[in-house]
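Before any comments, here is the structure.
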Amino acid sequence: MSVRVRIAPSPTGFLHVGNARAALFNWLYARHTGGTFILRIDDTDVARSDPEYEDDVLAGLVWMGLDWDEGVGVGGPHGTYRQSDRLDRYAEVAGQLLAAGSAYHCFCTPAELDERRKEAQAQGRPPGYDGRCRILDPAESARRKGQGEAAVLRLGVPRPGVTIFEDVIRDEVRFDHQAIDDFVLVRSDGSPTYHLASTVDDVDYEITHVARGEDLLSSTPKHILITLAMGGTVPTYAHLPLLFGPDGKKLSKRHGDVSLKAYREGGYLPEAMFNYMCLLGWSYEAETTVFTRAEAIERFDLAAVSKNAAVFDPEKLEWMNGVYIRDLDPVDFIDRAIPFVEEDLGRELSGAEREQLGALGPLVQERVKLLTEVPDMMSFVLTTSLSYDEKSWRKVMETETTPAALDAAIDRLTVVGEWTAVVIETELRAMLDELELNARQGLQPVRVATTGSTVSPPLFETLEVLGRDMTLDRLRSARAKL
RNA sequence: GGCCCCGUCGUCCAGCGGCCUAGGACGCCGGCCUUUCAAGCCGGUAACGCGGGUUCGAAUCCCGUCGGGGCUACCA
């Protein structure tokens, strides 16, 4: 049977990196096995769902390159793949479970439940639902329900009993039904709970493997029980290790960026994100940390996923992003960087400016880890009024040898014939010889004068890109400020 | 509290009874290269939570213990 996996985010927030990682692993498994990757939207929580979040989820998956074969937006044999469109189906299953005696109505009010829970906890008893409505006569229940009395539908968990399943990642896991209370399937307002809706969908969509976060491991027996009660085939489960923040606590907003969106906008490359996330709970090969999509697909296996939770390490991600940036084709690099430059500038770049940046691109490319660092490194070529970094100015311009170095540089560069990096270098090195200055003493003033900072791309190439007029202009105005 | 999961360098991962004097990557430290900054190269730092077993032999298997985490809703 062909593999069918799914990811079912609920649109109640921006796509979380944990969900993105789950999506990635499902996608990898589907691609590795030649199976089908499905995107479903679990929006049964109407109050908290928002179309904006759904858009973000889709955008995040597209950005990561995780294309889905069936589901929201692309369709498929199962309708819209949106739970809010399947309420009738959940009601239908609920009716069947009720008729079959697998489920029953419960008339206990939230207030009563709450009180009993507190009582049970105080006495050290299990806080779950005590099952008192289970013994109600079905006919009597139906009558009360028919008269409009508020009721939820609960699953009658078989007791005594035990649910055992073989988790792909964790091997055999067993839960005694003693510890599982008769949980709610349908709320008193008629809406299905997550457990019901998600399980019905998994059965209807013929999902073969459910790979999701370990936080759902304890809920798995409930899902299996529902599946069995509706006569469905139980899928294979794989519970992925959770992601934690640098402090070892569950990855949350307090750790800064937990939404994929933040990385998208933060100058990260999707290729790097993809590669890095693969490493969170899986490894391509003992000695290899950088690999391509195709390679990951070829080797990925759910069974090889680690059991332990992983700490999301922003520093390693950043390093990896640098690796991928340096690996980019120069034209590709500048194409990706330009939006960040324009965003920073607040305007669009002219053709001439683009050309300048294109020339500077390769020099900057190997010096940044994030695309968001590009504007800072290139802004000096785009401005007409250069501002100097204060520290840089103090450090190199207020030096005894600086005036002479600038004067000599101006003289030589004014008369130089050809304006290329090679010629510029020859001239400036001759200047160093002449004044008996070392490179640091003689070149840093030129760097600060022309770029505004002690840190810049390689000087000679930079001056070539800047052009003779602007270079001389800047050297002169810096000299005048001394 | 109960149930469940997990426990190798600071972090991610390799290891699945002898190849381990525990390997790779990030980070950190030092050096080289060098026009600055990066990159690159070389070297270094650093871990099998603890205690019992099983075995000729254990990071690898078993038990206990400690520690971390998840779940315990008419949220997903």
Side-chain angles (χ1 to χ4, degrees), chain A residues 8-10 12-13 42-45 47-49 106 108-110 113-114 117 121 124-129 150-154 167 169-170 173-176 178-181 183-189 191-195 197-198 213-221 239 241-242 244 246 248-250 276 278-290 306-320 322-323 326 363-369 373 377 392 396 425 428-429 432 438-444 446-448 451 453-460 462:
Chain A
S10 54
T12 54
D42 280 15
D43 59 352
T44 48
D45 188 348
R48 292 198 300 151
S49 292
C106 167
C108 300
T109 66
L113 259 18
D114 202 44
R117 181 170 14 254
Q121 269 170 331
R125 285 186 288 115
Y129 177 64
V152 298
L153 187 73
R154 289 180 185 273
D167 189 281
I169 296 168
R170 282 151 222 288
V173 183
R174 61 172 63 214
F175 289 88
D176 195 299
Q178 214 64 286
I180 305 168
D181 68 350
F183 57 97
V184 174
L185 298 171
V186 180
R187 303 187 187 96
S188 53
D189 66 0
S191 65
T193 59
Y194 161 75
H195 297 305
S198 173
E214 200 205 309
D215 50 341
L216 287 164
L217 187 59
S218 315
S219 296
T220 302
H239 287 91
L242 259 18
F244 289 97
K249 295 270 170 56
K250 195 175 175 183
Y276 177 69
C278 282
L279 263 23
L280 260 24
W282 181 70
S283 70
Y284 173 76
E285 190 266 329
E287 321 274 278
T288 311
T289 49
V290 179
S306 158
K307 297 183 209 302
N308 9 344
V311 171
F312 188 91
D313 181 6
E315 290 198 316
K316 190 163 182 175
L317 205 212
E318 220 178 278
W319 161 79
M320 186 164 280
V323 170
R326 271 173 258 128
L363 305 175
V364 170
Q365 186 172 356
E366 50 189 296
R367 291 177 162 67
V368 294
K369 288 188 178 150
E373 295 169 34
M377 293 215 103
S392 296
V396 325
E425 174 163 14
L428 291 181
R429 288 204 188 277
L432 294 181
N438 64 31
R440 184 177 295 270
Q441 294 169 310
L443 263 25
Q444 283 298 76
V446 176
R447 187 188 304 280
V448 174
T451 71
S453 168
T454 52
V455 177
S456 86
L459 187 59
F460 314 120
T462 299

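Each chain gets a letter, A, B and so on, in the order the sequences are listed, and its residues count up from 1.
- With C1' as the reference atom, B:C9 and B:A22 are 10 Å apart, rounded to whole Å.
- A:Pro221 pairs in a side chain to side chain contact (heavy atoms under 4.5 Å, CB included) with only one of the listed residues (A:Asp176, A:Ile180, A:Val173), which is A:Ile180.
- Contacts of A:Thr44 with the nucleic acid, taken as non-hydrogen atoms under 4.0 Å apart, involve only primed sugar atoms and P, OP1 or OP2.
- Comparing the P positions of B:U21 and B:C62 gives an interatomic distance of 23 Å, to the nearest angstrom.
- In this structure, A:Glu285 places its CD atom 11 Å from P of B:A14, rounding to the nearest Å.
- Interface remark: the A:Arg447 side chain does form a donor-acceptor pair with the B:U35 base, using a distance-only criterion of under 3.5 Å.
- Across the protein-nucleic acid pair, A:Gln178 atom CD and B:C3 atom C1' stand 12 Å apart, rounded to whole Å.
- B:G44 and B:G64: their C1' atoms are spaced 39 Å apart (whole Å).
- B:C48 and B:C13 are spaced 14 Å apart, taking the C1' atom of each and rounding to whole Å.
- Between A:Tyr194 and A:Ser219 the shortest side-chain heavy-atom distance does not fall below 4.5 Å.
- Atom P of B:C16 sits at a distance of 11 Å from the matching atom of B:C61, rounded to the whole Å.
- A:Glu366 is not listed as a side-chain neighbour of A:Pro457, based on a closest heavy-atom distance of 4.5 Å or more.
- Closest contact between the side chain of A:Pro127 and the listed nucleotides B:C74, B:G1, B:A25 involves B:G1.
- Side-chain atoms of A:Asp167 come within 3.5 Å of backbone atoms of A:His239 as a donor-acceptor pair (strictly under, hydrogens ignored).
- The CD atom of A:Glu287 sits 16 Å away from the P atom of B:C13 (whole-angstrom rounding).
- Between A:Arg429 and the phosphate of B:U35, there is a side-chain N or O to OP1/OP2 separation shorter than 4.0 Å.
- Across the C1' atoms, B:G15 and B:U60 are found 8 Å apart, a figure rounded to whole Å.
- The separation of B:A14 from B:A38, taken at their C1' atoms, amounts to 30 Å, rounded to a whole angstrom.
- Per the geometry, CD1 belonging to A:Ile180 stands 16 Å off C1' belonging to B:A73, to the nearest Å.
- To the nearest whole angstrom, the two C1' atoms, one in B:A46 and one in B:C3, are 37 Å apart.
- Each of A:Ala179 and A:Val455 lies near RNA chain B, and the nucleotide nearest A:Ala179 is the one positioned closer to the 5' end.
- A donor N or O paired with an acceptor N or O is found under 3.5 Å between the base of B:C74 and the side-chain atoms of A:Ser188.
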